[in-house]
Each structure stands twice: as C-alpha cells, then as structure tokens.
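A quick write-up on the structure given underneath.
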Amino acid sequence: MKKNILITGGAGFIGSHLTRLFVTKYPECHIVNLDKLTYAGNLENLRDIEHAPNYTFVKGDIENMEQVRSLFAQYQFDGVLHCAAESHVDRSISDPLAFVKTNVLGTVTVLTVAKDAWKDNFDGKLFYHISTDEVYGSLGAEGFFTEETSYDPRSPYSASKASSDHFVRAFYHTYHLPVIISNCSNNYGPYHFPEKLIPLCIHNIINNKPLPIYGKGENVRDWLFVEDHVSAIDTIFHQGKIGETYNIGGHNEWKNIDIIRELCRQMDVKLDREKDTSAKLITFVKDRAGHDLRYAIDATKLSKELGWKPSLQFEEGLSKTIDWYLQNEDWLNDVTSGNYQKYYEKMYGDR
Ligand code: NAD
Ligand code: DAU
C-alpha cells in the first residue's frame with residue numbers, strides 16, 4: 001500500500017472525485033492535492049473532506065519545478081495520480097499554447113521530479129497518468145479504440161494529451177520510471193464544469209436558455225459516470241501492471257442530439273414542466289472546428305485482466321447527475337458567475 005500520494009488537479013471535476021475516493025477509502029494514506037485553481041479548479045468540490053486528517057491541499061502549479069521538488073522532499077511520495085490538465089477542446093482551439101504549457105510542460109515537469117526523487121529505488125513507486133480516448137483520433141461508424149490503436153490526435157487538446165502520453169512512456173523506457181496510463185471516454189456527473197455539453201445543457205434548461213448543439217448533433221461519444229471512472233483508476237492504481245496502458249469506457253454510445261433529447265425528457269419531468277418544453281430550447285449552431293465524429297472504447301483488457309466493470313446504467317447516472325445539479329444550484333450559480341474565483345484571488349492572491 002502506498003502511503004503518501006500526490007494527486008495533481010484534485011480540485012477539478014475528475015480530480016475531486018478521485019481525491020474524495022482516496023481520502024475516504026484509504027485513511028492510512030496521506031493524500032496531497034496540488035492544484036493551481038484555474039477557472040476549472042474549485043475547492044467547493046472538496047468541501048466535505050477538506051478537514052480530513054489524511055488530506056492536504058496545496059495551491060500550486062505543476063509547471064513550477066521547484067515547488068513540485070519541494071513537495072516531493074517534504075512528503076516523500078510513493079505514488080502520483082496525475083490528473084491536472086487543461087481539458088476543454090473548445091478552449092484548446094482558441095488557445096493551443098496554454099494546453100502545451102500545462103499538459104506537456106507540466107507533465108514533463110512532474111515526471112522529471114518523480115524520476116529524480118525516486119531514482120535510487122523505484123520499488124513500490126508509481127506514476128499514474130490519467131489520459132483520454134481522444135488521443136486515438138476519430139472513428140467512423142464502426143469499430144472501437146483498443147490499447148493497440150495508433151495515436152491520431154486531431155485537436156490541440158488531444159495533441160497535447162497524446163504528447164504527454166508519449167513522454168510518460170518515454171520516461172518508462174528510458175529511465176525505467178514505473179508508470180501506468182489509462183485512457184478514458186467522456187465522463188459525466190456531479191461537479192462537471194458547465195462549459196461541457198451535459199452540465200451546460202442542464203444549466204441552460206434550468207434557465208430556459210438555448211441548448212447549443214454543434215453541427216447536426218450526429219457526433220457520438222461514449223459516456224461513463226465519473227464515479228465509475230475513478231473506481232477504475234483505483235483498481236488500476238492498485239492492481240495494474242507497470243508499463244501498461246488500460247482503456248476505460250462504459251460501452252455507452254450516444255449521438256449528441258439523442259443524449260440532449262433524453263436530458264430534456266428527464267428534466268421536464270423533474271421540473272414539472274409540460275412534455276417537450278425543454279426540447280424546444282434545442283438550437284443547432286456552427287460546428288466545432290475539426291469536430292471528431294465518434295469515440296468508442298473497447299475496455300475488454302481492463303475487465304478481463306482486472307475485473308473492473310461500470311456500476312451504473314446511463315439513464316440512472318444521468319438522473320443522479322440532474323438531481324445533483326438541481327440540489328446544488330448555488331454551486332452552479334457560483335461557477336457560472338465566477339464568484340469562487342474572486343474568492344480565491346482574495347484568499348490566495350498570487351501565491
Ligand atoms: P478539469 O478541467 O475539470 O480539471 C483540471 C484541474 O487541473 C483543475 O482543478 C485545474 O485547476 C487543475 N490545473 C490546471 N492546470 C494546472 C496546473 N498548471 N497546475 C496544477 N493544477 C492545474 O478536468 P477534468 O475533466 O477533471 O479532467 C481531468 C483529467 O482527466 C485530465 O487530464 C483530462 O485530460 C482527463 N480526462 C477527462 C475526461 C472528461 O470527460 N472530463 C475524460 C478522459 C480523461
Ligand atoms: O473523450 C474524453 C474527452 O471528453 C475528455 O478528454 C475531455 O477532457 C472532455 O472535455 C470531453 O471532450 P468532448 O469534446 O467530447 O466533450 P464536450 O462536453 O466539450 O463535448 C461533447 C460533445 O458535444 C462533442 O461532440 C461536442 C458537442 N458539444 C459540446 C458543447 C460544449 C455541443 O454540441 N455543444 C456544446 O455546447
């Protein structure tokens with residue numbers, strides 16, 4: 001059992017679920033969450049565990065080598081769960097360099113520090129890199145991404161994640177740094193930032209605003225409940241083989257237009273609105289540049305070798321997600337108004 005674990009990006013969507021799982025499930029481990037608190041990082045996501053005795057939050061930047069080195073010196077980490085990233089494809093189209101900085105330079109910085117800190121004895125150490133299925137590119141109507149699928153990233157976001165994956169493998173082959181990579185499909189669930197399709201549409205339905213569907217809404221994504229993603233990471237972190245890659249997915253493909261229709265249907269019932277009220281908000285808008293048509297994950301290796309399976313059916317996961325947003329409208333309003341960022345500026349200033 002690893003005793004001291006660094007989670008990067010633990011205040012983000014997936015990172016906060018991962019941090020909560022490790023802090024509560026492994027009280028004997030000390031979890032340090034290093035997060036820059038960009039627009040996507042929000043300490044409200046971790047309010048329920050912030051005082052846990054085995055949890056420490058550190059505001060900081062994965063690109064800051066000195067800071068990362070001093071954290072390794074202070075906590076003598078046995079494991080790293082590297083989650084921090086710029087994660088939104090549309091933002092990568094308007095500002096690719098920000099993605100190179102965080103996703104490539106930041107990853108290589110943390111890899112370098114881990115290699116230097118652990119170089120005398122790699123036993124029991126693990127650098128776990130959390131990545132995406134988008135590195136494999138875009139599928140046609142048929143087929144699935146396996147761990148053997150060639151990389152073919154097509155957006156600045158996926159190119160930066162593919163590059164970070166290559167560096168992780170390069171550190172394994174060149175320096176024997178113990179690494180594992182997982183590539184997951186689209187996540188959804190509580191604390192999802194409302195710039196992404198599902199929480200954006202939940203927010204807009206609540207506020208009777210248009211639901212912007214890119215192109216004809218024909219693009220297909222393979223959706224996985226976020227708690228299932230972090231349970232897969234937990235399984236792989238503890239039972240996966242060093243140097244291996246694992247694909248994570250839910251065998252749950254939906255066209256964007258169909259998922260939004262299902263969301264509208266469920267929200268009309270929950271908001272006690274007349275049938276088809278929300279669907280009237282659907283608005284087809286200009287397509288995303290270079291929009292990947294279809295992602296679909298083959299997670300056979302993970303289920304066969306490590307016995308992991310998703311726990312939730314999609315309709316149930318979507319219902320739980322909508323309920324969470326309806327019960328946490330303050331969170332949604334703070335995030336959309338940027339209130340929490342003003343608070344951080346006051347609390348942390350430039351630190
Ligand atoms: P997110 O955007 O919600 O959170 C990213 C977190 O990283 C934020 O807390 C942010 O403050 C932090 N961060 C950003 N730059 C940083 C820096 N320089 N130093 C320290 N912290 C920094 O992202 P997410 O959706 O939770 O994704 C997390 C990881 O999972 C990413 O690596 C992403 O590529 C991967 N992933 C996401 C999905 C998905 O559907 N969201 C699917 C597969 C893989
Ligand atoms: O596949 C995993 C990836 O899933 C992760 O690596 C990314 O970090 C994560 O953001 C997600 O990427 P997508 O681009 O698939 O997610 P997004 O929610 O931005 O878009 C989902 C689909 O919906 C996509 O086909 C684009 C479309 N879309 C999105 C938005 C924001 C719309 O039609 N309208 C919108 O307003």
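Both counts, for ligands and for their atoms, begin at 1 and track the order of listing.
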Output the list of atoms in ligand 2 that are nearer than 4.0 Å to some heavy atom of [X], sorted by atom number.
X    : value
T132 : 1 (O), 2 (C), 3 (C), 5 (C), 6 (O)
H291 : 24 (C), 25 (O), 26 (C)
N256 : 22 (C), 23 (O), 24 (C), 25 (O), 27 (C)

To check your reading of the model: name the closest protein heavy atom to [atom], its residue, and the distance in Å.
atom                    : answer
atom 41 (N) of ligand 1 : I14 CD1, 3.6 Å
atom 20 (O) of ligand 2 : R288 NH2, 3.9 Å
atom 11 (C) of ligand 2 : N186 ND2, 3.4 Å
atom 9 (C) of ligand 2  : S87 O, 4.0 Å
atom 12 (O) of ligand 2 : E134 OE2, 2.8 Å
atom 34 (N) of ligand 2 : P212 O, 2.8 Å
atom 16 (C) of ligand 1 : K36 CB, 3.8 Å

Does ligand 2 have a heavy atom under 4.0 Å from the side chain of L200, from its backbone, from both, or from neither?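 Just the side chain.
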Closer than 4.0 angstrom, basic N to acidic O: yes or no for [X] and [Y]?
X    : Y    : result
K275 : D268 : no
E134 : R154 : no
D116 : R69  : yes

For [Y], is the NZ or CZ atom of [X] found under 6.0 angstrom from the centre of its six-membered ring and inside 45 degrees of the ring axis?
X    : Y    : answer
R294 : F144 : yes
K301 : Y246 : yes
R221 : Y295 : yes

If you measure every N or O of C184 against every N or O of ligand 2, does any of those distances drop under 3.5 Å?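 In this structure, C184 places no N or O atom under 3.5 Å from an N or O of ligand 2.
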[X] versus ligand 1: do any nitrogen or oxygen atoms come within less than 3.5 Å of each other?
X    : answer
N42  : no
S87  : yes
H229 : no
Y157 : yes
A84  : no

Heavy-atom gap N186 to ligand 1 smaller than 4.0 Å: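 For ligand 1, residue contact (heavy atoms, under 4.0 Å) with N186 is present.
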